[in-house]
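Please read the structure below before turning to the comments.
Any value given below was found using the heavy atoms of this structure, including those in side chains, with hydrogens, waters and symmetry copies removed.
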Amino acid sequence: MAAMGTQVNMWFIIYGINVIKKPVGFFSRKKWTLSKNPTPGRNPQTDVSLQHVVKLLNCDGPDKLPLSQQNYFGFGTRLMNYLMRKKGSPSMFALIEHAQELGVVFKICQPCIDVLALDVENDLLVKAEVAGVSTYVLDTKTSYYNAVF
């Protein structure tokens with residue numbers, strides 16, 4: 001739709017945020033620590049220890065996303081990435097970069113940023129706006145089309 005000149009706002013919530021997160025290695029210090037910097041949508045004073053567990057278990061980056069229940073312990077993701085490469089399909093990184101070039105606006109739900117302890121400026125592949133549910137409702141109210149996946 002953006003390629004056809006339509007203004008596109010993409011909203012991300014808890015599970016969808018993993019699509020636009022920068023990949024971080026399992027043994028990286030960033031994977032094991034929570035950022036204490038107050039960034040938009042984030043309140044470090046309310047952090048709890050279970051947020052460390054969520055951060056460790058979450059996939060980082062679009063190339064490590066599970067295929068749903070048919071993930072087969074990570075083999076499904078590697079298989080799909082292989083097939084996409086063999087068929088000449090653009091990678092998820094390329095698709096995200098292209099969407100950003102086309103002017104797609106990326107928006108993230110504010111409570112999700114706080115729950116996942118994300119640093120919006122440093123943890124994401126794209127520049128994203130942080131907004132609440134009321135902004136989402138206003139966006140959908142004024143749009144011609146709304147798709148939820």
Side-chain angles (χ1 to χ4, degrees), residues 1-4 6-37 39-44 46-133 135-136 139-140 143 145-149:
M1 291 182 78
M4 296 184 327
T6 304
Q7 172 60 43
V8 176
N9 294 328
M10 291 184 76
W11 278 87
F12 295 87
I13 58 171
I14 297 276
Y15 300 110
I17 292 174
N18 290 326
V19 174
I20 58 173
K21 280 173 61 178
K22 288 180 183 173
V24 177
F26 186 75
F27 296 106
S28 169
R29 184 178 193 181
K30 218 175 177 183
K31 185 78 169 175
W32 292 83
T33 59
L34 298 179
S35 172
K36 295 297 179 189
N37 300 333
T39 61
R42 177 107 165 75
N43 183 4
T46 60
D47 285 352
V48 294
S49 59
L50 284 176
Q51 285 175 286
H52 287 282
V53 175
V54 171
K55 195 165 187 171
L56 284 171
L57 295 176
N58 242 348
C59 294
D60 293 328
D63 61 338
K64 292 192 174 72
L65 295 174
L67 280 177
S68 74
Q69 292 178 356
Q70 297 178 355
N71 192 33
Y72 307 116
F73 304 103
F75 180 72
T77 302
R78 288 191 295 272
L79 175 66
M80 187 58 68
N81 287 336
Y82 172 79
L83 291 173
M84 288 176 67
R85 246 187 343 270
K86 283 295 190 188
K87 293 292 185 177
S89 297
S91 68
M92 286 297 293
F93 287 106
L95 290 171
I96 291 167
E97 184 179 311
H98 190 59
Q100 200 169 17
E101 290 169 0
L102 288 172
V104 171
V105 178
F106 295 87
K107 296 184 179 184
I108 300 177
C109 184
Q110 182 276 320
C112 299
I113 292 294
D114 201 21
V115 168
L116 295 175
L118 292 176
D119 182 348
V120 178
E121 287 87 25
N122 298 320
D123 290 346
L124 303 178
L125 293 168
V126 296
K127 184 174 174 10
E129 297 176 15
V130 178
V133 176
T135 306
Y136 170 75
D139 275 359
T140 57
S143 70
Y145 182 76
N146 182 42
V148 179
F149 300 99

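- With a 4.5 Å cut-off on side-chain heavy atoms, Lys86 and Leu83 do not count as touching.
- Atom OG1 of Thr33 and atom NZ of Lys55 lie 5.5 Å apart (nearest 0.5 Å).
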Less than 3.5 Å apart, which donor and acceptor atoms pair up between the side chains of residues 103-129 and the rest of the protein, not counting sequence neighbours?
from: Lys107; atom 1: NZ; to: Asp139; atom 2: OD2; distance (Å): 2.9
from: Gln110; atom 1: NE2; to: Gly41; atom 2: O; distance (Å): 3.0
from: Asp114; atom 1: OD1; to: Asn43; atom 2: N; distance (Å): 3.0
from: Asp119; atom 1: OD1; to: Glu121; atom 2: N; distance (Å): 3.3
from: Asp119; atom 1: OD2; to: Asn122; atom 2: ND2; distance (Å): 2.7
from: Asp123; atom 1: OD1; to: Lys30; atom 2: NZ; distance (Å): 3.3
from: Asp123; atom 1: OD2; to: Asp119; atom 2: N; distance (Å): 2.9

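- Closest non-hydrogen pair, Ser143 versus Thr140, comes out as OG-O, 3.1 Å.
- Side-chain contact between Asp47 and Arg42: present, with at least one pair of heavy atoms (C-beta onward) separated by less than 4.5 Å.
- Note that the NE2 atom of His98 and the CD1 atom of Ile96 stand 13.0 Å from one another [nearest 0.5 Å].
- With no hydrogens or angles considered, no side-chain donor-acceptor pair links Asn81 and Asp63 at under 3.5 Å.
- The shortest distance between side-chain heavy atoms of Val8 and Met10 falls below 4.5 Å.
- Interatomic distance, OG of Ser91 versus CZ of Arg85, reported as 9.5 Å (0.5 Å rounding).
- Sequence neighbours left out, not one pair with a member in residues 92-101 passes salt bridge (charged side-chain N to carboxylate O under 4.0 Å, His left out).
- Side-chain contact between Met80 and Tyr82: absent, with no pair of heavy atoms (C-beta onward) separated by less than 4.5 Å.
- In Phe75, the CZ atom is not crowded: 12 or fewer heavy atoms of neighbouring residues, nucleotides or ligands sit closer than 6.0 Å.
- Within the 3.5 Å criterion, the main-chain N or O of Ala2 finds no donor-acceptor partner in the side chain of Thr6.
- With a 6.0 Å radius and a threshold of 12 heavy atoms from other residues, nucleotides or ligands, Ile13 has its CD1 atom at or below the threshold.
- Residues Trp11 and Gly132 come closest through the heavy atom pair CH2-O, 3.6 Å.
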